[in-house]
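Keep in mind that the numbers below use all heavy atoms, side chains included, and drop hydrogens, waters and symmetry copies. In listed order, ligands and their atoms are each counted from 1. When a residue number appears, it is its place in the shown sequence, counting from 1.
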Amino acid sequence: MRVYDLRSDTVTQPTSAMRAAMLSAPADDDAYGDDVSVGRLEARVAALLGKPAAVWLPTGTMANQIAVALHCDRGTALASLPGAHVRIHEDASAAALWGVQIMPIGGRFGFDIEALDGLLDEEACGWPPVSLVWLENTLGEAGGAIWPLTTDQALAPGVDALQTVSAHVRAHGKAVHLDGARLWNAHVATGVPLAAWAETADTVSVAFSKGLGAPAGSILCGPTSLLARARRLKHGLGGAMRQAPALLAAAAEYALDHHVERLADDHRHARMLAAAISTLAHWEVAVPQTNLVLARVRPPLRRAEPLCAALRAAGIRCYPNIAREVRFALHLGIGDDDIEPIAQTIRSALGEDPTRFVDAQR
Ligand SMILES: *Cc1c(COP(=O)(O)O)cnc(C)c1O
């Protein structure tokens with residue numbers, strides 16, 4: 001049985017060409033800051049994002065946590081979407097490591113300046129001071145939806161364009177961080193240059209381990225003075241991994257050369273899969289904007305896990321995004337010819353009649 005792993009776009013295997021690039025990379029000690037492979041990648045990504053400085057980090061989680069530390073004093077708050085990675089997937093580290101409280105604002109697809117003003121007004125009435133406003137693009141928890149940059153793009157209700165939000169935050173003298181783990185997808189889907197998105201934020205993190213297909217690694221970009229502190233924090237958190245970053249930087253360089261434009265294939269595959277499974281009575285499927293397909297179970301079903309269990313038994317690895325939803329991630333391990341077999345496996349594993357899953361519902 002062929003197994004298709006659709007749990008995340010992190011599950012990709014490095015291709016043999018990527019492995020070859022890693023093996024032939026010069027590899028010096030990154031803790032001394034003189035490794036040429038890491039240095040070249042940092043300079044390249046800083047230029048792509050239009051920021052003066054960049055630091056390579058082993059994970060996006062570390063990049064985000066360093067961003068929290070750079071911008072926020074203990075006992076202050078950061079404002080983010082309720083479903084932001086930093087709020088729900090980083091084990092409460094903003095609180096645990098830095099004494100920072102996350103204040104959720106907005107909905108699934110973004111927030112508007114009215115929501116932000118609500119929080120800032122309360123700050124004047126004694127709520128924790130907001131030191132940082134947190135953006136994310138694409139929105140992982142919202143199935144890879146794109147938070148639009150400008151007002152001429154369609155905006156969901158209660159969402160302002162990133163340029164509007166950013167100008168408003170800056171007028172209040174607050175800092176902005178953009179978690180751009182999947183910013184590459186927003187760039188490829190819209191054609192908007194990476195630097196235009198990055199311009200809305202003081203610091204930006206981007207990942208090589210999602211759609212770009214490298215084994216690990218992220219980069220944090222921003223002003224030179226902040227990034228000097230970021231390097232010390234990287235060292236303090238145990239992120240200066242000697243010769244290993246050189247190999248991972250070589251994988252990232254390879255990915256920048258070969259795996260950015262191909263993200264359009266993942267987006268097309270996501271639309272194909274969504275169309276194929278939207279005919280099933282089990283769930284409601286949104287039209288994907290990028291590489292993630294969100295399928296929400298329809299009543300009388302209330303939990304997606306029993307469906308996921310049936311899919312796993314049939315060779316489709318997946319798990320609930322939230323209790324009522326499955327998220328299928330498309331990535332470079334899935335080709336044009338895989339979509340129909342995947343859709344067919346899903347159809348036959350679930351069958352026509354959703355009610356047979358009702359008994360398994362709590
Ligand atoms: C995956 C992800 C991260 C964390 O990246 P890791 O390298 O897995 O730690 C941060 N933010 C977003 C939006 C992500 O999707």
> What do you reckon, are the aromatic ring centroids of Y254 and H259 less than 6.0 Å apart?
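When the ring centroids of Y254 and H259 are compared, they turn out to be within the sub-6.0 Å range.
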> At less than 4.0 angstrom from any non-hydrogen atom of A181, what atoms of ligand 1 do you find?
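Checking each atom against A181, I get 2 (C), 11 (N), 12 (C), 13 (C), 14 (C), 15 (O).
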> Any chance you could measure D266, atom CG, to H331, atom NE2, to the nearest 0.5 Å?
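That separation rounds to 8.0 Å.
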> Just need the protein heavy atom nearest to atom 13 (C) of ligand 1, so name the residue and atom and give the distance.
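For atom 13 (C) of ligand 1, the nearest protein heavy atom comes out as D179 OD2, 3.3 Å.
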> Quick one: nearest non-hydrogen protein atom to atom 6 (P) of ligand 1, plus distance?
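Scanning the protein heavy atoms, the shortest distance from atom 6 (P) of ligand 1 goes to G60 N, 3.4 Å.
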> Looking at CG of D257 and CE of M18, how far apart are the two atoms once the value is rounded to the nearest 0.5 Å?
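Going from the CG atom of D257 to the CE atom of M18 covers 10.0 Å.
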> With the side chain counted from C-beta on, respond yes when T190 and W197 share a heavy-atom pair under 4.5 Å apart, and no when they do not.
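The answer is yes; the side chains approach within 4.5 Å.
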> Can you spot which of L330, D338, I334 makes a side chain to side chain contact (heavy atoms under 4.5 Å, CB included) with L273?
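That would be L330; it is the only one of L330, D338, I334 passing the side chain to side chain contact (heavy atoms under 4.5 Å, CB included) with L273.
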> Using a 4.0 Å heavy-atom cut-off, say whether E136 meets ligand 1 through its side chain, its backbone, both or neither.
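Near ligand 1, E136 shows its side chain, while the N, CA, C and O stay back.
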> Taking both backbone and side-chain atoms of R182, is any N or O found less than 3.5 Å from an N or O belonging to ligand 1?
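By distance alone, the answer is yes.
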> Can you find an N or O of T61 that's nearer than 3.5 Å to an N or O of ligand 1?
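Yes, at least one N or O pair falls under 3.5 Å.
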> Please state whether the rings of W134 and H177 are parallel, tilted or perpendicular, taking 30° and 60° as the class boundaries.
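Plane angle between 30° and 60°, so tilted.
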> Is it the side chain (CB and beyond), the backbone, both or neither of N64 that lies under 4.0 Å from ligand 1, heavy atoms counted?
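Only the side chain of N64 comes within reach of ligand 1.
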> Quick test: of every protein heavy atom, which one is nearest to atom 14 (C) of ligand 1, and how far off is it to 0.1 Å?
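For this ligand atom, the closest protein heavy atom is K210 NZ, 2.7 Å.
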